[in-house]
Novice: 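The structure follows.
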Protein chains: 2
Amino acid sequence: MRIGELAKRAGCDVETVRYYEREGLLAKPEREPSGYRCYGALHQETLQFIRHGRSLGMKLAEIRLLLDFRHHPEEDCAGVDALLDVQIARVEEQISAMGTLKEQLIALRGECEQRQTNRTCGILRAFNQAAQGQACPCHREG
Amino acid sequence: MRIGELAKRAGCDVETVRYYEREGLLAKPEREPSGYRCYGALHQETLQFIRHGRSLGMKLAEIRLLLDFRHHPEEDCAGVDALLDVQIARVEEQISAMGTLKEQLIALRGECEQRQTNRTCGILRAFNQAAQGQACPCHREG
DNA sequence: TGAACACCCTGTAGCAACTACGGGGTCAAG
DNA sequence: CTTGACCCCGTAGTTGCTACAGGGTGTTCA
């Protein structure tokens, strides 16, 4: 199949496929006499493997490792497990950080309930306070 | 004060300060005869304003808008409010996406409880299934 | 026959927000 | 007078794509 068909099956962009090839994640395919890339089932599988990893938020470097692990079937899978653990920890950390952020933003948003002018807007005021090193509603403790 | 002192006070890197100057967020400072940048309280305030916005996850383009709003004090602050609303929505969306991701990762992690080889590892198996278009533990519905 | 159109090629640049050089100059202390 | 901390500029790298520009290929419809 040609690159457009492959991309469609994997649900990604043609440019993305070429990018993975450049990065060495996807093997270089045969070419038609015209120079068009010509893919088979194995390419499709690898591409979908990569996209699956991406959909789980993994980095290409990590996916590269996972692809390598497949080539060492008798090896202990501790590397795979560790990779997952790192990814879970990363996501948990981000969820926690985002939760804090949300609280801060909501506290800040509450500073300007009614329409005001920029001069009197509680949000801008809070920003200016923070800029002067003072406490602000979004970063107050407790 | 010189750039190192300014950066230290704002809790950021010297390179970051120069970057903001290049981007037009921070006004170009005076120079000492040596060519060293020479900052005052206003620069420090603006820099801290920017860093405060960044700490709330805002983009530089949005912070640029906030800085502009300060120059139109009599204007209706709807623009400021809208900016915050957008940011809150963005964070909520990310929290939700991350929550889904975490569940998927934990389901996947559970596929390999004991140490195994890469060949038998449930995580790699699930990846391979997904790569073949089949259902996988991390993306099953329900 | 030919013109339109979808598809493919390469190579390069852009995005966001920094970060990290390389190759220099300045300045105070020991 | 040399060591070391600081500063300068300009450019390239990071991540994972995305978007051209400027061309070739291949099928279909009039």
Side-chain angles (χ1 to χ4, degrees), chain A residues 1-26 28-40 43 46-67 83 86-87 90-91 94 97 101, chain B residues 1-26 28-40 43 46-67 83 86-87 90-91 94 97 101:
Chain A
M1 88 196 87
R2 307 222 269 232
I3 197 169
E5 174 70 13
L6 178 72
K8 206 172 107 191
R9 290 195 194 182
C12 71
D13 201 293
V14 163
E15 310 281 3
T16 304
V17 177
R18 283 199 278 255
Y19 173 69
Y20 291 158
E21 180 183 327
R22 274 203 306 282
E23 292 296 299
L25 279 152
L26 201 56
K28 298 198 178 197
E30 302 288 307
R31 298 288 183 131
E32 294 176 11
S34 60
Y36 288 8
R37 288 172 180 81
C38 185
Y39 295 96
H43 288 104
T46 305
L47 179 55
Q48 287 176 175
F49 189 104
I50 298 168
R51 295 306 295 172
H52 188 65
R54 292 293 297 134
S55 84
L56 290 167
M58 291 179 175
K59 297 179 181 185
L60 292 183
E62 295 167 332
I63 293 168
R64 202 186 299 267
L65 287 178
L66 282 181
L67 287 167
L83 227 148
V86 163
Q87 180 63 9
R90 189 158 56 205
V91 168
Q94 281 186 26
L101 215 52
Chain B
M1 90 196 85
R2 306 221 269 232
I3 197 169
E5 174 69 14
L6 178 71
K8 205 173 107 190
R9 290 196 194 182
C12 70
D13 201 293
V14 163
E15 310 281 3
T16 305
V17 177
R18 282 200 278 255
Y19 172 69
Y20 291 158
E21 180 182 325
R22 274 202 305 283
E23 291 297 299
L25 279 153
L26 201 56
K28 299 200 178 197
E30 302 288 307
R31 299 287 183 130
E32 294 177 10
S34 60
Y36 288 8
R37 287 172 180 81
C38 184
Y39 295 97
H43 288 104
T46 305
L47 179 56
Q48 287 176 175
F49 189 104
I50 297 169
R51 295 307 294 172
H52 189 64
R54 291 293 297 134
S55 83
L56 290 167
M58 291 178 175
K59 297 179 181 184
L60 292 183
E62 295 168 331
I63 293 168
R64 202 186 298 267
L65 286 177
L66 281 181
L67 286 167
L83 226 149
V86 163
Q87 180 62 10
R90 191 158 55 202
V91 168
Q94 281 186 27
L101 215 52

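Keep in mind that what you see is a predicted model, and the values were worked out from it rather than measured. Numbers restart at 1 for each chain; the letters A, B, ... are given by sequence-line order, proteins then strands.
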Novice: Report the distance from atom CZ of B:Arg31 to atom P of D:dC6, rounded to the nearest whole Å.
Specialist: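 For the pair B:Arg31 CZ and D:dC6 P, the rounded distance is 19 Å.
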
Novice: Quick check for you: name the first and last nucleotides of DNA chain C, 5' to 3', having an atom under 4.0 Å from a heavy atom of chain A.
Specialist: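 Both ends considered, the range comes out as C:dC7 to C:dT10.
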
Novice: Measure across A:His52 and A:Ser55 and return the closest heavy-atom pair with its distance rounded to 0.1 Å.
Specialist: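 The answer is O-OG, 2.8 Å.
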
Novice: Any idea which heavy atoms bring A:Ile50 and A:Ile63 closest together, and the distance?
Specialist: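 Minimum heavy-atom contact is O-CD1, 3.5 Å.
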
Novice: Counting only N and O atoms by type, is there a donor-acceptor contact under 3.5 Å from the side chain of A:Arg2 to the main-chain atoms of A:Leu6?
Specialist: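 No; zero donor-acceptor contacts below 3.5 Å.
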
Novice: If you pin B:Tyr20 and A:Glu5 to their nearest nucleotides in DNA chain C, which one's is more 5'?
Specialist: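 Looking at the nearest nucleotide for each, A:Glu5 comes out on the 5' side.
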
Novice: How close do B:Arg51 and B:Ala10 get, heavy atom to heavy atom, and via which atoms?
Specialist: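 Closest pair (atom of B:Arg51, atom of B:Ala10, distance): CG-O, 4.1 Å.
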
Novice: At their closest point, which heavy atom of B:Val17 faces which heavy atom of B:Ala7, and how far apart are they?
Specialist: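 Shortest heavy-atom contact: CG2-CB, 4.0 Å.
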
Novice: Between B:Glu15 and B:Arg18, does at least one N-O distance fall below 4.0 Å, as a salt bridge requires?
Specialist: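 So B:Glu15 pairs with B:Arg18 through a salt bridge.
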
Novice: Can you tell me how far P of D:dC7 sits from CE of B:Met1, to the nearest Å?
Specialist: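 These atoms are roughly 12 Å apart.
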
Novice: Quick check: on DNA chain D, is the nucleotide nearest A:Met58 upstream (toward 5') of the one nearest B:Gly35, or the reverse? Name the residue that is more 5'.
Specialist: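 With B:Gly35 and A:Met58 compared, the 5'-side residue is B:Gly35.
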
Novice: Testing B:Arg37, B:Lys28, B:His43 for side chain to side chain donor-acceptor pair (under 3.5 Å) with B:Glu21, which one passes?
Specialist: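 Exactly one candidate clears the test, B:Arg37.
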
Novice: Base, backbone or nothing for each nucleotide of nucleotides 18-29 of chain D, written B, S, -, heavy atoms under 4.0 angstrom, 5' to 3'?
Specialist: B-B---BBS---

Novice: Which part of the nucleic acid, if any, lies within reach of B:Arg51 when heavy atoms closer than 4.0 Å are counted: base, sugar-phosphate only, or nothing?
Specialist: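 Sugar-phosphate: the residue B:Arg51, judged by heavy atoms under 4.0 Å, touches backbone atoms but no base.
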
Novice: For A:Gly4 and A:Val14, which heavy atoms make the closest approach, and how far apart are they?
Specialist: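 Reported closest heavy-atom pair: CA-CG2, 3.8 Å.
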
